[in-house]
Protein chains: 2
Amino acid sequence: MRISTKGDYAARALQELSMHYDRGPLQIDAIAERQEIPVRYLEQLLLILKRAGYLESKRGVKGGYSLAKPPHQITLGEIIRLMEGTQAPIFCVDPSSREKCPAEKRCGFQGVLVEVRDAVAHILDSVTFEEICRRARLKIAPRSTSYHI
Amino acid sequence: MRISTKGDYAARALQELSMHYDRGPLQIDAIAERQEIPVRYLEQLLLILKRAGYLESKRGVKGGYSLAKPPHQITLGEIIRLMEGTQAPIFCVDPSSREKCPAEKRCGFQGVLVEVRDAVAHILDSVTFEEICRRARLKIAPRSTSYHI
DNA sequence: GGTATCTCGATAAAGTCAATCGAGTTACTC
DNA sequence: GAGTAACTCGATTGACTTTATCGAGATACC
């Protein structure tokens with residue numbers, strides 16, 4: 001699995017939105033500025049997230065984006081899969097691909113690659129954005145033990 | 001981590017050479033044919049493997065490539081790293097990269113990505129080409145319990 | 001001397017990634 | 001109801017990477 005800027009930016013945007021959850025919409029410009037993402041590119045990514053049901057948007061003055069569900073119901077794994085297309089390290093162990101490996105019958109490492117894929121998926125699917133927020137807050141204010149959303 | 005044809009082809013070539021270990025050199029054409037790899041492309045990959053010390057070559061009639069060390073001393077992990085450049089899912093957790101993440105101070109998922117990187121490395125580094133041969137042979141002749149190199 | 005084979009660097013075709021742009025549409029505010 | 005702030009959407013572009021392909025050469029064996 002490789003994470004390109006697409007998945008990276010999307011995850012970072014969702015982190016910002018999670019940290020702002022229940023406090024009204026956040027504007028594209030604000031997210032882009034805080035995470036140093038090109039605005040016009042972020043625009044596209046937020047649209048993808050919206051169409052997939054993760055975000056709600058509001059137009060006009062005081063508009064912006066907000067989460068369509070609480071941070072603890074969104075995992076990093078689903079976002080990466082949505083943005084990157086797959087998590088498989090190689091096409092022959094990609095469940096969403098129907099392309100078949102020509103050497104499958106004499107391939108000794110396909111099994112290993114399946115293990116890799118599953119290990120990665122297990123880690124990413126077990127982390128929600130609530131957890132990501134918690135970790136981000138620990139970095140920003142390491143001494144704080146309180147927990148605000 | 002993503003495995004492109006480069007790492008894929010290299011690993012498959014090494015598998016062929018491992019299965020032929022101690023039985024003299026194998027020619028590029030033979031390897032290419034068995035694994036359905038473009039000959040002129042495989043040529044380049046074998047050169048990389050040779051320069052890195054994994055292969056020996058012999059020119060002229062009955063020449064070809066052979067392993068420079070026994071299959072159990074080569075891991076899939078080192079080959080993937082050699083061919084793909086890195087195993088890190090993203091630049092900010094790539095130990096060989098000096099590029100720094102601009103958002104590190106407020107990033108909640110860098111830790112998760114480190115976990116992913118280490119999990120992948122652990123799996124790939126624990127598999128040698130001896131093991132890969134064993135698995136390939138099981139596929140080719142599932143009933144055989146004998147073990148030949 | 002001739003043939004089989006590896007060696008090496010240059011080049012090219014194709015695809016992907018990461019934006020950038022322009023022209024909308026919607027909704028709020030005054 | 002005019003104006004402005006904000007999201008929407010599709011097209012395009014430039015750079016880069018991947019995946020080869022090619023031609024000419026060097027080496028070893030018979």
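The model shown is predicted, which means the values in this text are computed figures rather than measured ones.
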My understanding is that only residues two or more places apart in sequence, or in another chain, count here; which of them pass ring pair (Phe, Tyr, Trp, His ring centres under 6.0 Å) with A/Y65? none
For [X] and [N], give me the distance from atom [atom1] to atom [atom2], rounded to whole Å.
X     : N      : atom1 : atom2 : answer
A/D29 : D/dC7  : CG    : C1'   : 10 Å
A/I28 : D/dC9  : CD1   : P     : 12 Å
B/Y41 : C/dT7  : OH    : C1'   : 18 Å
B/I90 : C/dA18 : CD1   : C1'   : 14 Å
A/E84 : C/dT16 : CD    : C1'   : 12 Å
A/R12 : C/dA18 : CZ    : P     : 12 Å
A/D8  : C/dC17 : CG    : C1'   : 14 Å
B/Y9  : D/dT19 : OH    : P     : 8 Å

Does the side chain to side chain contact (heavy atoms under 4.5 Å, CB included) test come out yes or no for B/L82 and B/L49, once each step is laid out? CA-CA 8 Å; B/L82 172 65; B/L49 289 168; 3.8 Å; yes
Below 3.5 Å between N/O atoms, which protein atoms pair up with nucleotides 12-14 of chain D? Just atom names and distances, please.
none

With a 3.5 Å cut-off and no angle check, do the side chains of [X] and [Y] form a donor-acceptor pair?
X      : Y      : value
A/E130 : A/S18  : no
A/E131 : A/T128 : no
A/Q110 : B/K139 : yes
A/E78  : A/T75  : yes

Is a donor-acceptor pair below 3.5 Å formed from side chain A/E43 to base D/dC9, judging by atom type as modelled? yes
Among [options], the one nearest [X] by side-chain distance:
X     : options               : answer
A/Q27 : D/dT19, D/dA6, C/dC6  : D/dA6
B/R2  : C/dT20, C/dC6, D/dT19 : D/dT19
A/R40 : D/dA20, C/dG22, D/dT8 : C/dG22
A/T5  : C/dC8, C/dA19, D/dA20 : C/dA19
B/Y65 : C/dC6, D/dC7, D/dT21  : C/dC6

In 5'-to-3' order, the base (B), backbone-only (S) or no-contact (-) status of each nucleotide in nucleotides 24-30 of chain C, using a 4.0 angstrom heavy-atom cut-off, is -BBBS--
Nearest-nucleotide check on DNA chain C, B/G64 vs A/L42; residue mapping nearer the 5' end is B/G64
Under the side chain to side chain contact (heavy atoms under 4.5 Å, CB included) rule, what do B/E16 and B/R12 come out as? Steps first, then yes or no, please. CA-CA 6 Å; B/E16 285 302 325; B/R12 278 154 60 187; over 6 Å; no
Can you find a side chain N or O atom of [X] that sits less than 4.0 Å from OP1 or OP2 on [N]?
X     : N      : value
A/R51 : D/dT8  : no
B/K50 : C/dT7  : yes
B/S4  : D/dT19 : yes

Salt bridge present between B/E43 and B/R40 (N-O < 4.0 angstrom): yes
Cluster check A/I48, A/I80: I/L/V/M/F/W/Y, side chain < 4.5 angstrom: yes
Apply salt bridge (Lys or Arg N to Asp or Glu O under 4.0 Å) to residues B/R81 and B/D125 and explain how you reach the verdict. CA-CA 10 Å; B/R81 269 189 296 274; B/D125 286 341; 2.9 Å; yes
What nucleic acid atoms does A/L46 come within less than 4.0 Å of, heavy atoms only: base, sugar-phosphate, or nothing? nothing
